[in-house]
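What follows is one structure encoded as structure tokens, with my remarks underneath.
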Protein chains: 2
Amino acid sequence: MKVAIGQAGGPTAVVNRSLAAFISNFNPGEIMLVFNGYSGLAEDDLIVMKEADKERIISHSHVPGAMLGSGRYHFNEERMERAVNNLKKHDIDTLVFIGGNGTMAALYRISKFAKAKGMDLNVVGIPKTVDNDLCGTDHAPGFASAARYVAMSVRDSDRDVSSMKNFEQVRILETMGRNAGWLALASGYLKNTAEEGPHHIYLPERNYCLNDVLINVERTWKEYGYATVVVSEGVKFDEDHQVQHSVSNGRTVLGGISRSLEVFLQENLGVMARGELLGMNQRSFTSAVSRSDCVEAEDVGIYAAKLVRSGVSGEMVRLLRKDTVEYEVDISSVSLLDVYNGGERLLTSQFIDHPDRYYRWLDGLIGDDLKTYPEPWLRSSKYEEKRKYHNRQ
Amino acid sequence: MKVAIGQAGGPTAVVNRSLAAFISNFNPGEIMLVFNGYSGLAEDDLIVMKEADKERIISHSHVPGAMLGSGRYHFNEERMERAVNNLKKHDIDTLVFIGGNGTMAALYRISKFAKAKGMDLNVVGIPKTVDNDLCGTDHAPGFASAARYVAMSVRDSDRDVSSMKNFEQVRILETMGRNAGWLALASGYLKNTAEEGPHHIYLPERNYCLNDVLINVERTWKEYGYATVVVSEGVKFDEDHQVQHSVSNGRTVLGGISRSLEVFLQENLGVMARGELLGMNQRSFTSAVSRSDCVEAEDVGIYAAKLVRSGVSGEMVRLLRKDTVEYEVDISSVSLLDVYNGGERLLTSQFIDHPDRYYRWLDGLIGDDLKTYPEPWLRSSKYEEKRKYHNRQ
């Protein structure tokens, strides 16, 4: 048996745990390592894993980033053909990729393509995403640590801005998530009272009118003296286009809506507003990783090794939540075709309309060791007077 | 004895520890709490601290942000007069403020102003800054935790971008620090080898030519396939002006040079570059605070209580490093006049030219429990070929 394994898409803080768990548990058989995601397949950038390589991977399992190199790669017909030819050349019988939506779609397409070319290729997917937009699984490794980072940094940043009312009145924090609001809504996980932020969370699943945003933020600012706003990178206001962070070599990433909102609120409210991206730390900062995320990232790697050994193909490992009081998951698999057809998994209306249900759902994931801050926050009598005045208006 | 205490300037993750330590150790005597920094003095926003307030402050000592409200405030003659009149009205004999350069300068001016008006007012300063640009002390509480956050997030973000070489070639991370490079240079604390980032750190203390930046980044990109660049918010390239993040109500903050550099490098190298601010998390993220910073933030508060009790005036608490192998500090005080005259404390040439000396200096502060990542990182043979090719050129 000869397996090739690679990592694709944006890395997470725990993605190397899945890789290390797979190669430690796949036995016996030969493993080839694919560098830089799918481009490594098309460009024949693979090596046979030796004992020293295995040890290196295991010793780096706690390191963020993708150990093998990851990347974004568009598979056209010609590249697909080269990839399949390389797999043939190396006598690979099973291809395993760790990734999200795009990775699983490509894996499904490669499998079909290989079959059409008369090649007998098994494919198995290991889930990974910080955005949590992957179908067929309750959640995917990587998301919980990112959600934990978002919840903690928004809780702390809110305390920071709440103490600078005479200087900065509105802080806008932008999360990752592409077209899904899982990470953005997680920012409210540690919110304790109405007075604490985040006061307003804007999600890509909904349409917002900028004028409503203005009214909401102004009300909060007048009520509490400041406002913390969270906006997901994929949000569109007034049905405008999504804001792109940067464009180069024909490539774009989402990002920058927080800065547009900053300018809009400064101009229309006359306040000091500051837009900030929570940034790449969301997917890489290791001092805040979720413990269950670490365990699950390993578990999906171990399970994938079992699937491969038993000759399964066309499946992605999935986590299914058990119907128990305490958080527990079962591991099984789901067909790549279902994942492919499912498309982007968005936040459900139930969670958007009842964030408390979403936060209970998050409990086991991001860790119920996280603490909200004690209440009440100290307030001056002048502040109380001002609040009463605005509430009477 | 009647003391008024307030917090001013940008908050830190440990600034409430200083406040809690002061009020817990100042005994006997009455304490008045000043809200929202110096504006609270001018606007008579003070309350007598009751037992319940004391308990609240102590229960929030681990919370970031400034518990009493902080802020930025320009003291003109008229505001100063109102402030001093309010202090008289409340029979305050000692004014204590926790803050940085601006706070200490204002404290010194208030003291002079009160004396000129025939008022007998003692003043004591408690140091606080994330930028570490405060004179008269080896370092100030708040800095160590911020430096720790910077070192950890740059180490992790570098691993992230190093694994996305086929998509993103240059990542530019921007730190706080105003005109001082202490935080920016701390980003290299966990760098292990030449191949790991940060590859280039740009500091406000030096002048850089954009063309040199281009040459440096291009060389690193060709050598390693990517580059991690750290830039301090106050850096000027080609003697241009400092980049302002946002302007509103006549107020500005530094920030945005990373985005200018992103555009410049994209245009001139034709690479995908991403500029990012490490942001407010630097001064508020609590899950990465330095242990010695927490202890010292409390120690300066306790020492200030002693100074006040013994009738000292015109002094700021300071930390002095002992000449011992293990990290140890002595606490004493320094005259506010010296702090005032000292101005902004910049990174020394010795540290800039020998970062290893700076990193040894940082050891006791940010915690020697921090780990660099194991080496070597796994590399494909194609990558090695490409590197050899570029090195031959």
Side-chain angles (χ1 to χ4, degrees), chain A residues 11 35-37 39-40 43 45 47 53 56-57 59-60 63-73 152-153 156-157 159-160 162-167 171 245-246 248-249 251 262 266 270-274 276-277 279-281 283-288 373-374 376-378 380-383, chain B residues 11 35-37 39-40 43 45 47 53 56-57 59-60 63-73 152-153 156-157 159-160 162-167 171 245-246 248-249 251 262 266 270-274 276-277 279-281 283-288 373-374 376-378 380-383:
Chain A
F35 289 99
N36 301 319
S39 67
E43 291 162 19
D45 197 1
I47 58 166
D53 300 325
R56 279 188 205 184
I57 291 173
S59 70
H60 285 78
V63 177
M67 177 69 181
L68 301 177
S70 185
R72 305 199 187 278
Y73 193 71
M152 294 172 90
S153 58
D156 288 349
S157 191
R159 290 300 81 195
D160 180 86
S162 80
S163 62
M164 292 294 279
K165 289 168 186 164
N166 75 8
F167 179 73
R171 188 169 291 174
H245 174 85
S246 47
S248 186
N249 295 338
R251 282 155 164 182
E262 165 192 310
Q266 282 191 348
V271 296
M272 160 78 169
R274 192 198 302 256
E276 247 185 18
L277 279 77
M280 295 296 115
N281 279 349
R283 71 185 197 199
S284 61
F285 199 65
T286 50
S287 97
Y373 287 136
W377 193 248
L378 208 65
S380 79
S381 44
K382 286 208 186 254
Y383 169 71
Chain B
F35 288 99
N36 301 320
S39 67
E43 291 162 20
D45 197 1
I47 58 166
D53 300 324
R56 278 188 206 184
I57 291 173
S59 70
H60 285 78
V63 175
M67 177 70 180
L68 300 178
S70 185
R72 305 197 188 281
Y73 193 70
M152 293 171 91
S153 58
D156 288 351
S157 191
R159 290 298 81 194
D160 181 86
S162 81
S163 63
M164 292 295 278
K165 288 170 186 162
N166 75 10
F167 179 72
R171 189 168 291 172
H245 174 86
S246 46
S248 186
N249 295 338
R251 282 155 164 182
E262 166 192 310
Q266 283 191 350
V271 296
M272 161 78 168
R274 191 197 305 255
E276 249 187 16
L277 279 77
M280 294 296 116
N281 279 349
R283 71 185 198 197
S284 61
F285 198 66
T286 49
S287 97
Y373 287 135
W377 193 249
L378 209 65
S380 79
S381 44
K382 283 203 191 262
Y383 168 70

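Every chain is numbered from 1, with letters handed out A, B, ... down the list of sequences.
For chain B, the option among A:S153, A:P64, A:A66, A:A288 with the highest count of heavy-atom pairs below 4.5 Å is A:P64. Ranked by heavy-atom pairs shorter than 4.5 Å toward chain A, the options B:G37, B:S59, B:G40, B:G71 are led by B:G71. If you tally non-hydrogen atom pairs under 4.5 Å between each of B:S157, B:S39, B:S381, B:S284 and chain A, the highest count goes to B:S284. Counting heavy-atom pairs closer than 4.5 Å to chain B, the top-ranked of the candidates A:N281, A:L68, A:N36 is A:N281.
With a threshold of 4.5 angstrom between heavy atoms, A:S70 approaches chain B through its backbone and through its side chain. Heavy atoms closer than 4.5 Å to chain A are found in both the backbone and the side chain of B:K382. Heavy-atom distances place the side chain of A:I47, and not its backbone, under 4.5 Å from chain B.
Proximity of a side-chain donor or acceptor of A:R159 to a complementary backbone N or O of B:V63 within less than 3.5 Å is not detected.
Between the CE atom of B:M272 and the CZ atom of B:F167 there is a distance of 4.0 Å, given to the nearest 0.5 Å. Rounding to the nearest 0.5 Å gives a distance of 5.0 Å between CE of B:M280 and CD of A:E276.
A pairwise comparison of heavy atoms in A:R56 and B:W377 identifies NH1-O, 3.8 Å as the closest pair. Minimum interatomic distance between A:A273 and A:Q266 (heavy atoms only, all atoms of both residues): O-NE2, 2.9 Å.
A:D45 meets the side-chain hydrogen bond (donor to acceptor under 3.5 Å, both in side chains) test with B:S380; sequence neighbours excluded.
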